[in-house]
Amino acid sequence: MPEGHTIHRLAAAFDAGFAGQRVRLSSPQGRFETEARRLDGQVLLDVEAVGKHLLLALGPEANLDPLAGSPAVSFVHVHLGLYGSWTFAGDEGFAAAHAIGAPRRRVGETEHAVDDGDAEAGDWRRIVPRETVRLRITGAHGLADLTGPTACEVYDAEQRAALLARLGPDPLRADADPERLFDRVRRSRTGIGALLMNQDVIAGVGNIYRAEALFRARLDPFVPGRDLSRGMVEGIWEDLVPLLAYGARTGRIVTTEPEHRDIEARIIERSRGTRQNGDEDPGVVPREKSFYVYHRHTLPCRLCGTIVRSADVAGRTVFWCPRCQSVRTRRAPWSREHDASAWAYAD
DNA sequence: ACTATATGTCCAC
DNA sequence: TGGACCTATAGTC
């Protein structure tokens, strides 16, 4: 269940584990069999993440430029949707190459083991794929199994270009143009909460980053985009960049500032005027302390204690604090709080 | 064994 | 706006 940070992490894993290699493609499940057969044995020329989309460029020769427009180059386009996942297995070097602080055998989101069949310990070449594996990619030092994707298809260069042109700026891409986000938001009557989930407006943000970014901006999800100042939208963008980067680096979404992680301590602190030492294991923030509002409906807000609300917006649940996120003005009185360097996630 | 749930998207009405 | 789709897992009976 990935947002953009996961896809960029996956791209890094493919790059480290397979790029430049001749790879085998197969489709144990069968639904990608024709395509896998056609591309089997080609060279993985390039790996690219755009928002929640992964693109694997393949060609018959290693020295092809994937972006030069050669018809020999194909792009495997994968979108994980809600349920898709990649499961990795490989030798020591392969695992170490892609697992940036992640579990050794996998980089995808769902924690399921590869079906080992009768594989002897350590021999990833003998791992039998699950029947649901849509695509298996095998390289010299490891393999990756794809299950449950919303999309797994072959694009040509034009289709790839059309995808990139359609998507809004991706906070994790160096070539992102946030002007487009500012324009789209400030022209729209749609609520900012819905806009942030629209991949044509901004690519890679999902339900967690949406809810959390709006809390950090102290912004009501239902405020129309056109009511926001440019500075406010810039602030959201500048906050999302380090937030997503942290997620891509660690594989975990953490949006709470350290001093806000222990709501009970904060309530005591406020009522008694004492300060508790809230230190915890540095490095790993437990899930229940990672978010301000996501999945925290019916629980008290970490900052003000008001019960966090939830509502269905276009089929997805949005979470927000009705007190902290109640501002409905065109100016951003809190805009200086958006100095990204003040947040713990600034690189 | 069954059910509910999930960080997503598309299409028909 | 509602349903379809793709799959694994945690919880319940």
Side-chain angles (χ1 to χ4, degrees), chain A residues 1-10 27-32 49-54 77-88 102-103 105-116 129-136 144-153 155 159 162-163 166-168 170-172 190-191 193-215 221 240 243-256 285 287-288 290-298 310-320:
Chain A
M1 293 157 278
E3 298 191 24
H5 69 298
T6 301
I7 312 309
H8 282 263
R9 198 172 165 73
L10 284 166
S27 180
Q29 178 210 44
R31 287 180 51 181
F32 196 63
V50 200
K52 301 170 188 169
H53 304 256
L54 182 69
H77 169 242
V78 175
H79 193 298
L80 294 178
L82 257 185
Y83 318 116
S85 77
W86 285 99
T87 303
F88 290 76
R105 296 187 64 189
R106 54 170 291 284
V107 168
E109 284 289 295
T110 357
E111 188 83 42
H112 69 78
V114 178
D115 185 346
D116 279 25
R130 292 188 176 203
E131 289 182 4
T132 54
V133 171
R134 180 81 55 88
L135 169 62
R136 166 171 282 194
D145 280 351
L146 170 67
T147 57
T150 280
C152 177
E153 58 203 338
Y155 274 3
Q159 290 171 299
L163 173 69
R166 192 205 99 201
L167 292 171
D170 175 347
L172 288 177
T190 305
L195 286 168
L196 289 182
M197 291 287 279
N198 181 344
Q199 302 299 300
D200 297 357
V201 174
I202 180 169
V205 171
N207 210 13
I208 297 181
Y209 282 121
R210 177 259 294 263
E212 296 296 305
L214 290 177
F215 180 88
L240 280 167
L243 235 35
L244 279 269
Y246 175 91
R249 191 164 68 240
T250 65
R252 311 187 65 246
I253 302 178
V254 177
T255 60
T256 49
V285 181
R287 188 190 166 89
E288 66 272 17
S290 293
F291 309 135
Y292 283 108
V293 289
Y294 178 76
H295 267 197
R296 284 182 51 85
H297 54 309
T298 75
S310 69
D312 190 279
V313 174
R316 308 302 300 281
T317 309
V318 66
F319 305 87
W320 81 103

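Not measured: the values here are computed from a predicted model. Convention: sequence-line order gives letters A, B, ...; per-chain numbering from 1. Quick note: numbers below take in every heavy atom, side chains included, and nothing from hydrogens, waters or symmetry partners.
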- prompt: Think A:Arg130 has a side-chain N or O under 4.0 angstrom from the OP1 or OP2 of C:dA8?
  reply: yes
query: How many Å lie between NE2 on A:His77 and C1' on B:dC10, as a whole number?
result: 13 Å
- request: Would you please confirm or rule out a distance under 4.0 Å between OP1 or OP2 of B:dT7 and any side-chain N or O of A:Lys52?
  value: no
task: Would you tell me if any nitrogen or oxygen in the side chain of A:His295 comes within less than 4.0 Å of OP1 or OP2 on B:dA6?
output: yes
- request: Look at the rings of A:His297 and A:Phe319 and say which category their plane angle falls in: under 30° parallel, 30 to 60° tilted, over 60° perpendicular.
  value: tilted
field: Nearest-Å distance for atom pair CZ/C1', residues A:Arg316 and B:dT5
entry: 12 Å
field: Aromatic plane relationship, A:His53 with A:His77 - under 30° parallel, 30 to 60° tilted, over 60° perpendicular
entry: parallel
- prompt: Are A:Tyr246 and A:His5 near enough that their ring centres are under 6.0 Å apart?
  reply: no
query: Counting just side-chain N and O atoms, does A:Gln199 come under 4.0 Å of either OP1 or OP2 of B:dG8?
result: no
message: So A:His53, base contact, sugar-phosphate only, or nothing? Heavy-atom distance under 4.0 Å.
response: nothing
Residue from A:Ile202, A:Leu172, A:Asp170 passing side-chain contact (heavy atoms from CB on, under 4.5 Å) with A:Leu240: A:Ile202
task: Could you check how far CG of A:Leu80 sits from P of B:dC10, rounded to whole Å?
output: 14 Å
- line: Here the distance between atom P of C:dC6 and atom CZ of A:Phe32, to the nearest Å, is 16 Å
query: For A:Asn207 and B:dT5, what is the distance between atoms CG and C1' respectively, to the nearest whole Å?
result: 13 Å
task: Select base, sugar-phosphate, or nothing to describe what A:Tyr209 touches, counting heavy atoms under 4.0 Å on all strands.
output: nothing
message: Regarding A:Thr132, tell me which of base, sugar-phosphate or nothing describes its non-hydrogen contacts under 4.0 Å with the strands shown.
response: sugar-phosphate
- prompt: How would you label the contact of A:Arg31 with the nucleic acid (heavy atoms, under 4.0 Å): base, sugar-phosphate, or nothing?
  reply: sugar-phosphate
Interatomic distance, A:Leu82 CG vs C:dT9 P [rounded to whole Å]: 15 Å
- request: Remember a base hit wins even if backbone is also touched, and classify A:Glu212 as base, sugar-phosphate or nothing at under 4.0 Å, heavy atoms.
  value: nothing
